[in-house]
*Asks:* 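I am attaching a structure below and will ask some questions about it afterwards.
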Amino acid sequence: MKQAQQHHRRQGASEAAPPLKLGIPGFAYADLHDPARLGELLEVFDREAAASHPELFAEFQAYRQSRGKDLTPEQISDLLVRMTPLVGDFVARLFNVTELRAEQAAAIRREVDTIFGFKNEVVAKAKAAVKKENPDDWDSDRIRRAIERLTQLLGDDHADIEFRTTSAGLRLHRAAEVPESDDAQTVLKALRGDD
């Protein structure tokens, strides 16, 4: 009886979820558990990589054949890093997540650009500007309130408060650097409270 109930639960669960459809023609999810079919999937990857990046793939093939014996650890690392986008693209296509992957990559690039932009454009310059200042003389509550207000006005909808603050600070800095830009005008309207 207990086995029948477990079988019925497993059967019900498998009926509820449609089978995963792979994005590489000619392959099904079950093939991912079959060593022979995985070998065929690797052949598809190899053909595509050789066609799209022949020189890089030739390097990779040489590495595979020699198992890296003729390369330094740094050369192996460099080769694998250069191959990573090809593997990532293929796996994203395989699981039909190419668009999601592109969105995540864009979000990561935006975060990195914002964080390093803030560090290089604002923090680096601020150090020199406040070198002779005494932080004990600052009204930290007033500064905190001003930062919160700027973050509300200029920050984006990112979940992380530090990122929103960084984003707002970078926008404000860039608006001050190029006051005639469209974003500077948007920042100025936000600060004035214009609709």
*Asks:* Could you state whether Ile115 and Leu170 fall into the same hydrophobic cluster, counting links through intermediate Ile, Leu, Val, Met, Phe, Trp or Tyr residues with side-chain heavy atoms under 4.5 angstrom apart?
*Replies:* no
*Asks:* Can you confirm whether Arg142 is buried at CZ, in the sense that more than 12 heavy atoms of other residues, nucleotides or ligands lie under 6.0 Å from that atom?
*Replies:* no
*Asks:* Please check: side-chain N/O of Asn120 versus main-chain N/O of Phe116, any donor-acceptor pairing under 3.5 Å?
*Replies:*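 Side chain of Asn120 to backbone of Phe116: a pair is present.
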*Asks:* Within the structure provided, determine whether Asp89 and Thr98 are in side-chain contact (heavy-atom separation under 4.5 Å).
*Replies:*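 SC-SC contact between Asp89 and Thr98 ruled out.
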*Asks:* Look at Arg37 together with Glu40 and state whether they make a salt bridge at an N to O cut-off of under 4.0 Å.
*Replies:*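 Answer for the salt bridge query: yes.
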*Asks:* Starting from the C-alpha separation in whole Å, work towards a yes-or-no answer on side chain to side chain donor-acceptor pair (under 3.5 Å) for Arg64 and Gln61.
*Replies:* CA-CA 5 Å; Arg64 274 181 176 166; Gln61 276 296 81; 2.7 Å; yes
*Asks:* Tell me the closest heavy-atom pair linking Pro85 and Arg101, and the distance in Å.
*Replies:* O-NH2, 4.0 Å
*Asks:* Quick one: does Ser167's side chain have a donor or acceptor within less than 3.5 Å of a partner on Phe163's backbone?
*Replies:* no
*Asks:* Check whether any side-chain heavy atom of His173 lies under 4.5 Å from a side-chain heavy atom of Lys125, and answer yes or no.
*Replies:*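 Heavy-atom side-chain distance check passes, below 4.5 Å.
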*Asks:* If every non-hydrogen atom of Arg174 is compared with every non-hydrogen atom of Gly117, which pair is closest and at what distance?
*Replies:* NH2-CA, 4.2 Å
*Asks:* Any carboxylate oxygen within less than 4.0 angstrom of a Lys/Arg side-chain nitrogen, looking at Asp141 and Arg144?
*Replies:* yes
*Asks:* How are the rings of His33 and Tyr29 set relative to one another: parallel (under 30°), tilted (30 to 60°) or perpendicular (over 60°)?
*Replies:*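 Judged by the thresholds at 30° and 60°, the geometry between His33 and Tyr29 is perpendicular.
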*Asks:* Quick one: does Leu22's side chain get under 4.5 Å of Leu32's, heavy atoms only?
*Replies:* yes
*Asks:* Can a donor-acceptor pair be found, under 3.5 Å and without considering hydrogens, that links the side chain of Gln75 to the backbone of Thr72?
*Replies:* yes
*Asks:* Could you pull out the closest heavy-atom pair between Ala49 and Phe57, with the gap in Å?
*Replies:* CB-CD1, 3.6 Å
*Asks:* Could you tell me whether Arg93 and Glu48 make a salt bridge, using a distance below 4.0 angstrom between a side-chain N and a carboxylate O?
*Replies:*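 Salt bridge present between Arg93 and Glu48.
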*Asks:* Taking the side chain as every heavy atom from C-beta outward, state whether Leu71 and Asp78 have any pair of such atoms under 4.5 Å apart.
*Replies:* no
*Asks:* Taking the side chain from Asn96 and the backbone from Lys21, do they hold a donor-acceptor pair closer than 3.5 Å?
*Replies:* yes
*Asks:* Is there side-chain contact between Leu56 and Leu79, with heavy atoms separated by less than 4.5 Å?
*Replies:*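 The answer is yes; the side chains approach within 4.5 Å.
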*Asks:* Find out whether Leu80 and Phe60 are in side-chain contact, i.e. whether some heavy atom of one side chain is under 4.5 Å from a heavy atom of the other.
*Replies:*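 Result yes, sub-4.5 Å side-chain heavy-atom pair found.
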*Asks:* With heavy-atom distances below 4.5 Å as the criterion, would you say the side chains of Asp31 and Leu38 are in contact?
*Replies:* no
*Asks:* Under a 4.5 Å side-chain heavy-atom rule over Ile, Leu, Val, Met, Phe, Trp and Tyr, are Val87 and Val44 clustered together?
*Replies:* yes
*Asks:* Could you tell me whether the side chain of Glu103 reaches within less than 4.5 Å of the side chain of Leu100, counting heavy atoms only?
*Replies:*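 The answer is yes; the side chains approach within 4.5 Å.
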*Asks:* State, to 0.1 Å, how close Met83 and Phe45 come at their nearest heavy-atom pair, and which atoms those are.
*Replies:* CE-CZ, 3.9 Å
